J.: 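To start, I am sharing the structure in question, which I have written as structure tokens.
Keep in mind it's a predicted model, so treat the numbers as computed, not measured. So you know, we letter chains A, B, ... as the sequences are listed, proteins then strands, and number each from 1.
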Amino acid sequence: MGFLQLTSLSKRFGTFTAVEDFNLDIEKGEFVSLLGPSGCGKTTTLQMIAGFLEPTAGRITVEGEDLVAIPSAKRNIGIVFQSYALFPHLTVAQNIAFGLEMRGITAMERSQRIARAIDIVHLKGFEARFPKQLSGGQQQRVALARAIVIEPRILLLDEPMSNLDAKLREDMQLELRQIQQELGITTLLVTHDQHEAMALSDRIAVMQGGRIVQIGAPYEIYENPSSRFVSTFLGKSNLLPDPAQMARQISLRPEKTRLVPAGQGKLQGRVTACIFFGAHWLYQVDTDHGLLLAYEQNLGAARARNGETVGIDWDEAHLRHLEGQE
Amino acid sequence: MNQNGPFALIFHALFILFMIAPLAVVVWVSFTPLGYIDAPTTDWSLRWYREIWNSSGFIQSFWLSLGLAFAAATLSLVAAVPAALAIARYDFHGRGFLTAMFLSPLMIPSVVLGIAFLRFMTAISITGTFYGMVLCHAVFVMPFVLRLTLASVTGMDRQAENAAISLGASNMTTFRRVTFPMILPGMVGGWVLAFITSFDELTVSVFIASPSLTTLPVRLFNHITQTTTPIVASVSAVIIFLSLAVILILERLYGLDRLLVGTKR
Amino acid sequence: MTPALYRRTAPYWLSLPGFVLFAVMLFVPLVMTLLLSFYSFDYTAGIQTGFSWHNYADVVSDDYFHEIFWRTFRYGLIVTLFCIVIGVPEAYILNRMRAPWRTISLVAIIGPLLISVVVRTLGWVILMGNNGLVNTGLERIGLAKIPFIYTETGVIVALIHVMIPFMIISVWAVLQKVDPATENAAASLGASQPKVFFRVVVPQVIPGILSGSLIVFSLTTSAFATPAIIGGRRLKVASTTIYDEFLNTLEWPLGAAIAIILLLGIMAVILGWNRLIERRYAQVFQ
């Protein structure tokens, strides 16, 4: 039985169903991501766990204890908000102290725990600063410290990196993963960023239209997307018709293809774009099955030019049969 | 490209001169030693400042205006803060009407407000009372308080409240420790603006003032319409100095543009 | 109280203090003033209650009042026009200034808003009055005095001084949202500086000009201190007339009728103007 269990969870706003029959089990210490486009219900799910929204139906339990009956102030859940939601009138140390004060923890223990939290997020020397005096990355560290210092049962991360620039985001992801594993804290991340979800999670739950459409370890989902939606939302995918069943499609990852001389390979086409990405080349090839993408590792100069006719080849083992149209 | 040319700078300098000149001459003339309006060049004197001290009327009016502005701005704030919370946070029947009502004194000519207050106060026999004047002033400074308070309530990150709750704070604690401090700057800004508006106000006060309760602008106005002795200049100069002090403090604390224009830099 | 009921009624409880204040101190007085305008006045008997349109008939039929209302309206138009012509370029210049000049200029331009109108008008009396600094100086060097006090020009100049900060504020607020790159774009396409200003900047700040104009017009037509001090009894406007009816001749009902006409006139302009702005600009500037 899972540590955090969401059972048949639903949320309706009037006639609109945001989350429907949502089931998820999270093990203690596990890092799970809810990944999906905006409006897929992932934030609504997070808010129900946090207690800011009441589920229309279903159960949320932690170690078997029903969470829905507990007011959010008593749930002992740490949250890192998208906007960080730092208290602008309080210093870094006071922000982190807030949750401890609410728990009536003595000043002595408080200062020890604050010092430890500040140490964990590498913010030594910033204790007396106000949020306005910090950079975006530093603000995010404060938000994280404030959430973990209360030693919450669960840590919820609501698009925590979306306000950071790309370079900083990568660094923070590494750090966040380390902190999470060190503390062994059960974590649920809500994000629309596939890279973030893959980099951080033990498991990813891909959401669409208020439901989980696929759940599993990042590699597992990436390699075996169950539907067209998953195959295109998580990474890029070439969609080919399934010769066995007309209504179905086959997914072929661009990096699993090879460019071969014209006349060879399984498909023929004309190169319409050739883009250099550093680590690899991207070719766009116009074939009978539409525009296909092919990645080639950067082992030398471009293998084909615009307008050139080439063949595309792949191993049958890399083809993935998708369920249904979507 | 995005720099002012010489022509623009000359225009700007002339405009600043136009804005400053009438105020500068008031201050200049206030230092004359003579008994009539004159700009001192060699002989400077504080005679007309001593004169303010000797004429108890102006001093009395100054304290009255100060007390009135303080009470009216405070009363207005007390009414405006909960109203701003209601307007910003709830979608309820009559919300648009309430907002329009609280802002309506901006649209009604002051002279109409003045006679309406006079008519009402005469009818219930509260003319010439300090409390009556406070109520009247509280009404027409309300838009200033409400606008700034409303802006700070709507502008505040509501996630901060959720954050406080998730950290274990009760609703009351959340308001006291998070919401209130976060909207405090807007409240203070609105209060100060209301205070100044009330302190400076002439048109409404001219109707509701009585001989024993004459606000400073009204006394000054009555003086100016009768004679123009340099004492009006020295009183005005004092008002300018005080206003300037407030202006500089506001600029330091909030930025005048944020307070009056409502935009961020 | 259940949480649901609490949530439903909370906004009403919260706005109750303000509502009561306004109902008692604004709504009731305004209705009483409206009623007052239908009463009649007799020099021996005082104010007589009743209902009659004769105060309105007096105002509508008398050339004396026509002239007063026409002057009030004319001031509003001329002052608004000058505030646009001077205020728009000035807001533009101000927006392009750098610190610390920007702050200094801002204090000089917007600061006076926080200084009593009486004081600001007195400045004009001291500067331009018959015995003011300019005219005394002119007299000393043997030149003719410039008439200012008790002239319409004088009232208008002083009113522009009082009102123009509002125009600058409105235009500036909009200017802050204008992407400065649009000017560079226009210049890169070959537009001269004046062309950039008139073809690219001004069209983008029209909403600010419109709202500024509305504020300036309604405040000018209801202005009291400046027309009273500089215009005096000879150049009466609506508000100074109301003042005289109430505090000198004590003809309250007539004064109330003039006030109601002024109020309705200004309301009509505000509502009509808003309608115009909404129709013309609502879709473009959201």
J.: Spell out the residues in residues 152-181 of chain B that have some non-hydrogen atom less than 4.5 Å away from a non-hydrogen atom of chain A, in order of number; otherwise answer 'none'.
T.: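 The list, in residue order, reads Asp157(B), Gln159(B), Ala160(B), Asn162(B), Ala163(B), Ala164(B), Ile165(B), Ser166(B), Leu167(B), Gly168(B), Ala169(B), Thr173(B), Arg177(B), Val178(B), Pro181(B).
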
J.: Which atoms of Ile77(A) come close to chain B, meaning under 4.5 Å heavy atom to heavy atom: side chain ones, backbone ones, both, or neither?
T.: backbone

J.: Answer yes or no: does atom CZ of Arg103(A) have more than 12 heavy-atom neighbours from other residues, nucleotides or ligands under 6.0 Å?
T.: yes

J.: Counting heavy-atom pairs closer than 4.5 Å to chain B, which one of Lys74(A), Arg75(A), Glu101(A) comes out on top?
T.: Glu101(A)

J.: Would you say Phe52(A) has more than 12 foreign heavy atoms packed within less than 6.0 Å of its CZ?
T.: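 Yes.
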
J.: Taking atom CZ of Phe7(B) as the centre, does the number of heavy atoms from other residues, nucleotides or ligands within less than 6.0 Å exceed 12?
T.: no

J.: For Tyr131(B), I'd like to know if atom OH has over 12 heavy atoms of other residues, nucleotides or ligands within 6.0 Å.
T.: no

J.: For His195(A), does the NE2 atom sit with more than 12 other heavy atoms under 6.0 Å from it, leaving out its own atoms?
T.: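 Not buried by this count: 12 neighbours or fewer within 6.0 Å.
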
